[in-house]
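I have placed the structure first, in the form of structure tokens, so that the comments after it can refer back to it.
Convention: sequence-line order gives letters A, B, ...; per-chain numbering from 1.
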2 protein chains.
Amino acid sequence: MRRKALVDAAMRVIGDHGSLTVTMSEIAKQAGVSPALAHHYFGSKEQLLIETVRTHLQRLRDNTVTALRAAKTPRGKLSAVIRVSFQADQFAPETIAAWLAFYAEAQRSEETRRFLVIYARRLRSNLLANLKALCPREDAERIAEGAAAMIDGLYIRQSLRSAPISIEASIALTEDYINTLLALLSRKAAFQKDI
Amino acid sequence: MRRKALVDAAMRVIGDHGSLTVTMSEIAKQAGVSPALAHHYFGSKEQLLIETVRTHLQRLRDNTVTALRAAKTPRGKLSAVIRVSFQADQFAPETIAAWLAFYAEAQRSEETRRFLVIYARRLRSNLLANLKALCPREDAERIAEGAAAMIDGLYIRQSLRSAPISIEASIALTEDYINTLLALLSRKAAFQKDI
DNA sequence: TTTTGTTGATTGATCAGTCAATCAAAAATA
DNA sequence: TATTTTTGATTGACTGATCAATCAACAAAA
């Protein structure tokens, strides 16, 4: 399918280029077709780019679904979500460039923003669903929001190479956040029971 | 000074536009001068943009220094750093647009990346310095890294309007992260002493 | 024959950067 | 002080390059 080839090419060019400021010619050349054909299939550059964002998030979603299926316990599923977020392919230069470019683009394109909101909600909700099995609802909501933010923040710091820690350490930090908050909650619960 | 006026204009145009894809003409018009003058002062568009990033981070730094001076205790200084990060002006549309655009630009411009790395290090080190007064060094490093990432992540989620919580709740979440980890550490310390 | 895929050539617009010319104010000179 | 000279600020007009988008024509499949 030509559409798929063009979207793949777009992703590669965005990665090389490090931004969404890419030309239809570059994308078409990368895909081995004429620029006119890219217009034929997508109507405009913006539509091609939006399709690229969608595909990008779809791929992450598929990885997450697979990882969630493989894990059996709620705690295991939490780890699976974290692991996927820091998976090696998320740090491929073109993936990093795409993410950051999409964040910026969301300020201008409502459609791009909607996709990223969906990603953010999905991350939060995957965490929340499994946390609810381990602690009360209100606590689960707090922890899910904090963990999701921490994941995004650690990802950006890794992407900028501004974090003095490894990817494994980033995973450990997120796991530790969840473990610690859950541990403290169960102590409080035990304390309540004692009274 | 014309340079300053042009940098201010650039910031405003970037905000309106929602990205770094702005023209010298727009910036010059916003500043009320001719496009040729902008070139006269900055040599190139890239230099003007880099100067704009620098000014942007300088402003945040000044705010932080002031807030740190006002706080007296280490714990108070931690709260001050958090408060500044979520200060109202950080969520002005042009500030949000600038931050996200700069993150994306860092993939292409080594100089922009360097500035953002400096910001990330500064945030971490402000947290670390005060945490060291409250817990052992290794723990302080872990907590500082986690808190810095959480701040960045929460900021992005607020910027995209993908967080279902208020700015105040974001601040509370970060405070809670620090409080909880410190609390657990002091309990462990007490437990060690008992043995 | 009709439909679908594909291209080369072209257009119209946008933009960064240049340059020669103008103007004002400061500095040097008489 | 009065004058000339120099310097820096400022602009309008222009250029060369780039690019999204269009379209008519051609090829291949149905």
Applying side-chain contact (heavy atoms from CB on, under 4.5 Å), name anything that partners [X], two or more places apart in sequence or on another chain.
{"X": "A/K29", "result": "none"}
{"X": "A/R137", "result": "A/K132, A/E141"}
{"X": "B/A148", "result": "A/R157, B/L123, B/L127"}

Tell me which donor-acceptor pairs under 3.5 Å the side chains of residues 59-70 of chain A have, and how far apart each pair is, sequence neighbours excluded?
| from | atom 1 | to | atom 2 | distance (Å) |
| --- | --- | --- | --- | --- |
| A/D62 | OD1 | A/Q58 | NE2 | 3.2 |
| A/T64 | OG1 | A/L60 | O | 2.9 |
| A/T66 | OG1 | A/D62 | O | 2.9 |

Spacing of [X] atom [atom1] relative to [N] atom [atom2], expressed in whole Å:
{"X": "A/H40", "N": "D/dA28", "atom1": "NE2", "atom2": "C1'", "result": "14 Å"}
{"X": "B/H17", "N": "C/dC15", "atom1": "NE2", "atom2": "C1'", "result": "12 Å"}
{"X": "B/L37", "N": "C/dC19", "atom1": "CG", "atom2": "C1'", "result": "15 Å"}

Practice item. Could you identify which residues cluster with B/L128, counting Ile, Leu, Val, Met, Phe, Trp and Tyr as linked when any side-chain heavy atoms lie under 4.5 Å apart, either directly or through a chain of such contacts? Key: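 Result for B/L128 is none, singleton.
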Practice item. Could you tell me which residues satisfy ring-ring contact (aromatic ring centres under 6.0 Å, His included) with B/F91, sequence neighbours excluded, listed by chain and number? Key: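 Listed in chain order: B/Y155.
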Review point. Is A/Y41 touching bases, backbone alone, or none of the nucleic acid, heavy atoms closer than 4.0 Å?
Key: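 The residue A/Y41 makes sugar-phosphate contact but no base contact.
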Review point. Which pairs with one or both residues in residues 42-80 of chain A pass ring-ring contact (aromatic ring centres under 6.0 Å, His included), sequence neighbours excluded?
Key: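 ring-ring contact (aromatic ring centres under 6.0 Å, His included) check on residues 42-80 of chain A returns A/H56-A/W99, A/H56-A/F102.
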**Study point:** Side-chain N,O (A/R2) to OP1/OP2 (C/dT6) below 4.0 Å
**Key:**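 So the side chain of A/R2 is within the cut-off, an N or O lying under 4.0 Å from OP1 or OP2 of C/dT6.
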Revision key, fill the gap. Given protein heavy atoms under 4.0 Å, the one-letter contact record of nucleotides 17-25 of chain D, with B base, S sugar-phosphate only and - none, is simply --SSBBB--
Exercise for review: Using heavy atoms and a sub-4.0 Å distance, could you list which residues of residues 4-16 of chain A are near DNA chain D? By number, please.
Suggested key: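 Result for residues 4-16 of chain A: none.
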Review point. Where the side chain of B/K72 meets the backbone of B/K77, is there a donor-acceptor pair that is under 3.5 Å apart?
Key: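 Looks like no, no N/O pair under 3.5 Å.
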